[in-house]
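So you know, we letter chains A, B, ... as the sequences are listed, proteins then strands, and number each from 1. Keep in mind the model is a prediction, meaning the values are calculated, not measured.
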Amino acid sequence: MTYRSSRFLPFPPPFESAEQEDHCQYSEGRRPMAPKDRKPHVSRNPDLIRGVGKYSRSKMYHKRGLWAIKAKNGGAFPKHEKKAVAAAPAEKPPKFYPADDVKKPLVNKRKARPTKLRASITPGTVLIILAGRFKGKRVVFLKQLTSGLLLVTGPFKINGVPLRRVNQAYVIATSTKVDISGVNVEKFDDKYFGKKVEKKKKKGEGEFFEAEKEEKNTLPQDKKDDQKTVDAALIASIEAVPDLKSYLGARFSLKAGMKPHELVF
Amino acid sequence: MPFKRYVEVGRVALVNYGKDYGKLVVIVDVIDQNRALVDAPDMVRGQINFKRLTLTDIKIDIKRVPNKKTLIAALEAGDVKNKWENSSWGRKLIVQKKRASLNDFDRFKIMLAKIKKAGVVRQELAKLKKEAA
């Protein structure tokens with residue numbers, strides 16, 4: 001078998017005997033690569049401009065060495081045997097055809113996941129709440145819950161904001177960060193903040209209403225304790241920074257001359 | 001009134017419009033009635049319309065179109081950076097930039113400092129008023 005001048009081969013010609021393979025100094029690089037070893041191959045056909053390659057189809061055929069692979073395999077490109085397809089079991093025709101075509105609902109492969117957290121919001125960031133009871137308050141961000149809402153705390157002693165959930169859309173993230181390493185927020189999730197389900201009581205009158213109202217107003221003691229433990233570590237790291245405590249205690253407001261689109265938070 | 005700041009080779013100017021807004025550049029050549037060739041240590045030498053420049057008082061000693069190395073040496077020799085930063089115009093711009101880059105926390109701290117300063121001033125004033133009375 002004659003090959004074209006070896007000057008133009010992209011790689012050394014295939015070996016004609018096993019001896020040649022052993023003696024060749026390039027043998028080491030020629031071992032068959034396991035599927036994991038392969039580096040993704042860069043194109044052998046550089047672009048002149050996008051969409052137009054430098055080499056024609058016949059030149060590329062030669063460059064890729066398909067002629068050498070075919071020669072090695074006796075004239076035809078080496079093929080894998082097709083895997084035998086297991087014969088599908090014979091299907092019986094259905095007993096019943098509905099009169100009208102029933103439309104199938106479209107496939108929906110979307111998964112529910114928590115809202116994408118803005119890059120500027122990281123655990124310990126000071127946030128400004130923009131709406132609700134606590135609008136204008138500067139609070140410390142703790143973590144994002146699985147529902148996508150942000151878990152936030154005042155701390156309660158500093159500005160009266162308890163452990164609370166807040167929506168990312170109603171928040172401005174400042175670039176001030178508080179050290180949050182001493183705080184454990186593992187136990188808080190959306191269920192902790194959900195409304196408590198009340199057991200159904202027997203119907204009564206008069207006394208029934210009064211009794212119910214009294215129960216609703218007080219906060220359970222364990223929630224108060226949770227607030228205290230979370231805040232204890234936080235307040236220690238807040239007091240380490242001068243003025244940060246009074247900063248968190250003050251509300252944010254726009255003053256004359258402040259342009260929100262030009263302010264750096 | 002006679003003109004005091006002339007367009008000439010070596011005049012330092014401030015760019016007041018465009019991509020290089022706020023930069024100090026040196027006029028190294030005059031192209032025609034409207035345009036000058038300007039250069040600065042951190043930009044590629046290029047043409048700019050005079051309308052985009054505001055001339056400063058600072059002038060350095062260079063020949064027409066020096067190469068970058070010579071230009072940088074001449075800027076050092078003329079002490080342009082310090083002259084600019086100590087001039088009232090230069091100081092104003094620095095303060096403006098600082099104010100624009102303030103954090104929300106920084107603004108809060110400044111508010112506290114202003115209140116404190118005003119309190120001290122008011123105390124002194126009260127003292128002086130008492131003495132005068």
Is it the case that T174(A) and D104(B) place a side-chain donor and acceptor less than 3.5 Å from each other?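 There is no such pair between these side chains.
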
Will you find, in the side chains of S181(A) and D179(A), an N or O donor that is under 3.5 Å from an N or O acceptor?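 Yes - a donor-acceptor pair under 3.5 Å links their side chains.
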
Can you pull out the residues in [range] with any heavy atom less than 4.5 Å from chain B?
{"range": "residues 145-161 of chain A", "answer": "none"}
{"range": "residues 113-124 of chain A", "answer": "none"}
{"range": "residues 222-255 of chain A", "answer": "V241(A), P242(A), D243(A), L244(A), S246(A), Y247(A), A250(A), F252(A)"}

Which residues pass the side-chain contact (heavy atoms from CB on, under 4.5 Å) test with I172(A), not counting sequence neighbours?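 Per chain and number, I172(A) pairs via side-chain contact (heavy atoms from CB on, under 4.5 Å) with I128(A), L130(A), F265(A).
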
Assess the residue pair R45(B) and V38(B) against the criterion (side chain to side chain contact (heavy atoms under 4.5 Å, CB included)); give the C-alpha distance rounded to whole Å, side-chain angles, the decisive distance to 0.1 Å, and a yes or no. CA-CA 6 Å; R45(B) 186 208 300 149; V38(B) 294; over 6 Å; no

Answer yes or no: does atom [atom1] of [X] have more than 12 heavy-atom neighbours from other residues, nucleotides or ligands under 6.0 Å?
{"X": "E76(B)", "atom1": "CD", "answer": "no"}
{"X": "Y61(A)", "atom1": "OH", "answer": "yes"}
{"X": "K54(A)", "atom1": "NZ", "answer": "no"}

What option among V126(A), T176(A), V264(A), L263(A) has the most heavy-atom pairs under 4.5 Å with chain B?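 Of V126(A), T176(A), V264(A), L263(A), V264(A) has the most heavy-atom pairs under 4.5 Å with chain B.
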
Is the shortest distance from a Lys or Arg side-chain nitrogen in D39(B) or K68(B) to a carboxylate oxygen in the other one below 4.0 Å?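 Yes, D39(B) and K68(B) are salt-bridged.
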
With a 4.0 Å cut-off on N to O distance, would you call E131(B) and K127(B) a salt bridge?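 A salt bridge is absent here (no side-chain N lies under 4.0 Å from a carboxylate O).
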
Contacting moiety of L102(B), where chain A heavy atoms sit under 4.5 Å: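 Backbone of L102(B) only, per the 4.5 Å heavy-atom cut-off to chain A.
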
Between V140(A) and L127(A), does a side chain to side chain contact (heavy atoms under 4.5 Å, CB included) hold up when you go through it step by step? CA-CA 6 Å; V140(A) 179; L127(A) 307 174; over 6 Å; no

Using side chain to side chain contact (heavy atoms under 4.5 Å, CB included), reason through L14(B) and W89(B) one step at a time and then give a plain yes or no. CA-CA 11 Å; L14(B) 186 69; W89(B) 183 3; 3.7 Å; yes

When the ring planes of Y192(A) and F188(A) are compared, do they come out parallel, tilted or perpendicular, using 30° and 60° as the limits?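 Answer is perpendicular, since the angle exceeds 60°.
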
Between N16(B) and L53(B), does the side chain to side chain contact (heavy atoms under 4.5 Å, CB included) criterion hold? Intermediate values first, please. CA-CA 6 Å; N16(B) 60 28; L53(B) 293 176; 5.8 Å; no

Quiz item: cation-pi between K4(B) and Y6(B), 6.0 Å / 45°: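 So K4(B) doesn't make the cation-pi contact.
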
